[in-house]
J.: 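Take a look at the following structure, please.
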Amino acid sequence: VRAFPGLDVPPLIAERGEGAWIYDADGHAYVDYCCSWGALLLGHAHPRVVRAAARQLERGSTFGIATQIEQELAAEVTRLMPSIEKVRFVSSGTEATMTALRLARGHTGRSLIVKFDGNYHGHSDALLVRAGSGVLGLRASTSRGVPEEVVAHTASLPYNDAEAARAFLRTHPAAAVIVEPIAANMGVVPASCSFLETLREETRASGAVLIFDEVISGFRVGLQGAQGLYGVFPDLTCLGKIVGGGFPAAACGGKREIMDHLAPLGEVYQAGTLSGNPLAMCAGVETLQEAQRPGFYEALRRKTALLAQPIREEFSKGKAVGCVNDVCSLLTPFFGVRAVQALPALDAARYRELFCFLFERGVYVPPSPYEAWFLSSAHTEEQIGKTRDLVLEFMRRC
Ligand SMILES: Cc1ncc(COP(=O)(O)O)c(C=O)c1O
């Protein structure tokens, strides 16, 4: 996505960001609906985050040992998300999911991992099977460089198909089932409640570890993430992006009895030079405090509707064929399909035209039809209104 493949415009070279604005190296300004792929819940260079990170930078940028601010963020995460009794900080979402899988395998003594088509869990070898995001653009179902033996223990099932998951899990003892409860790497595709409930029931019955990958949805759709919205709680949760407030941090957390397998208490290895980096921990604490201000998520939801609803209405008029999926601060307009509940076959060419139309007019949305659009608390109604008008103008030309 950084390289703008297949697009007629040169890739964006970012110079600075402020609020919802991003400025490129040539001085053009864009309203940013990528927000560093969801890491920036408060927009660019939020004063509170900048102040805290700068203060910490003067006191040292990394120690490779525990800090009080790491403990503070851990306390905040475990308080806000009751299914997380213990948490381990790492530096990227990829590491968080990789750690969760190793923990699940260490806990159960089994090998099989079950994932779902179009869900992306980072770029560790075992998870590059029918993955979403940039991997969707690859011809092969897995990346080159991943030996068959490495993915032999990974099964990928259709997303949102409760019966297929039930049948498979009853006949295949799995170490883990990993799922994006709100998929956001094939465009935004929320799971149905019955799908998540089935995964919860079947993993409980079979002894598999249920992992929610909330690297995108965590703190984005509410303080308890997708699990709070659905009322379905996993054994392990992966967090990333927002938890580091725009700095490199992620986390894997969950039930104490599973987390206690991690070294040094247990025998499941995990390590990282920059894990729990104090700058990222400071930024995470500030971001979560800001997100707890009264009305924070209500405002995000309202702003998302200001964009999603008129586009939906325009699709319903029938000139442009498509639909919109949205959940608090996440949305995707899908061209060429009337409803999306699983990996969609899209009109990618039409989306690329929309991207270029918006980009040339100062609005930066994801260059790929398989990514989510992200709003932040910094987006203003004026910026959203301008974006809405441009999208509607494009749709009326279709
Ligand atoms: C749901 C999900 N899980 C995991 C990852 C991997 O995170 P990272 O890019 O920080 O390695 C991503 C990245 O976009 C993601 O969207």
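Read the numbers this way: they start at 1 and go in the same order the structure lists the ligands and their atoms.
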J.: If you measure every N or O of K241 against every N or O of ligand 1, does any of those distances drop under 3.5 Å?
T.: yes
J.: For D213, take its heavy atoms, then give the atoms of ligand 1 lying under 4.0 Å from any of them.
T.: 1 (C), 2 (C), 3 (N), 4 (C)
J.: Counting from 1, what ligand 1 atoms have a heavy atom of S92 closer than 4.0 Å?
T.: 10 (O), 11 (O)
J.: Give me the other members of the hydrophobic cluster that V268 sits in, counting Ile, Leu, Val, Met, Phe, Trp and Tyr linked by side-chain heavy atoms under 4.5 Å, directly or via other members.
T.: L101, L103, I113, L127, I178, V209, I211, L236, I258, M259, L262
J.: Short N/O distance, under 3.5 Å, between H123 and ligand 1?
T.: no
J.: Any idea which atoms of ligand 1 are less than 4.0 Å away from a heavy-atom of I216?
T.: 16 (O)
J.: Quick check on W37 - does any of its heavy atoms sit under 4.0 Å from an atom of ligand 1?
T.: no
J.: Using the rule given for salt bridge (charged side-chain N to carboxylate O under 4.0 Å, His left out), can you reason through R204 versus D235, listing the C-alpha separation, both sets of side-chain angles and the distance that settles it, and then say yes or no?
T.: CA-CA 9 Å; R204 193 171 281 133; D235 302 307; over 6 Å; no
J.: Heavy-atom distances under 4.0 Å decide this one: backbone, side chain, both or neither, for H121 against ligand 1?
T.: backbone
J.: Purely on distance, is any nitrogen or oxygen of G93 under 3.5 Å from one on ligand 1?
T.: yes
J.: Does atom CD of E298 have more than 12 heavy-atom neighbours, drawn from other residues, nucleotides or ligands, at distances under 6.0 Å?
T.: yes
J.: Quick one: does T94 get an N or O within less than 3.5 Å of an N or O on ligand 1?
T.: yes
J.: Taking atom CD of Q341 as the centre, does the number of heavy atoms from other residues, nucleotides or ligands within less than 6.0 Å exceed 12?
T.: no
J.: Give the atom numbers and elements of ligand 1 that come within less than 4.0 Å of a heavy atom of E180.
T.: 1 (C)
J.: When you look for heavy atoms under 4.0 Å from ligand 1, do you find them on the side chain of N119, its backbone, both, or neither?
T.: neither
J.: Check whether any side-chain N or O of R361 sits under 3.5 Å from a backbone N or O of F357 as a donor-acceptor pair, and report yes or no.
T.: yes
J.: So, is the end of the R350 side chain (NZ or CZ) under 6.0 Å from the ring centre of F335 and within 45° of the ring's axis?
T.: no
J.: Side-chain contact test, heavy atoms from C-beta onward, threshold under 4.5 Å: evaluate it for N119 versus D213 and give yes or no.
T.: no
J.: Got a sec, which residues hit ring pair (Phe, Tyr, Trp, His ring centres under 6.0 Å) with Y33, two or more places apart in sequence or on another chain?
T.: H379
J.: Can you find an N or O of N185 that's nearer than 3.5 Å to an N or O of ligand 1?
T.: yes
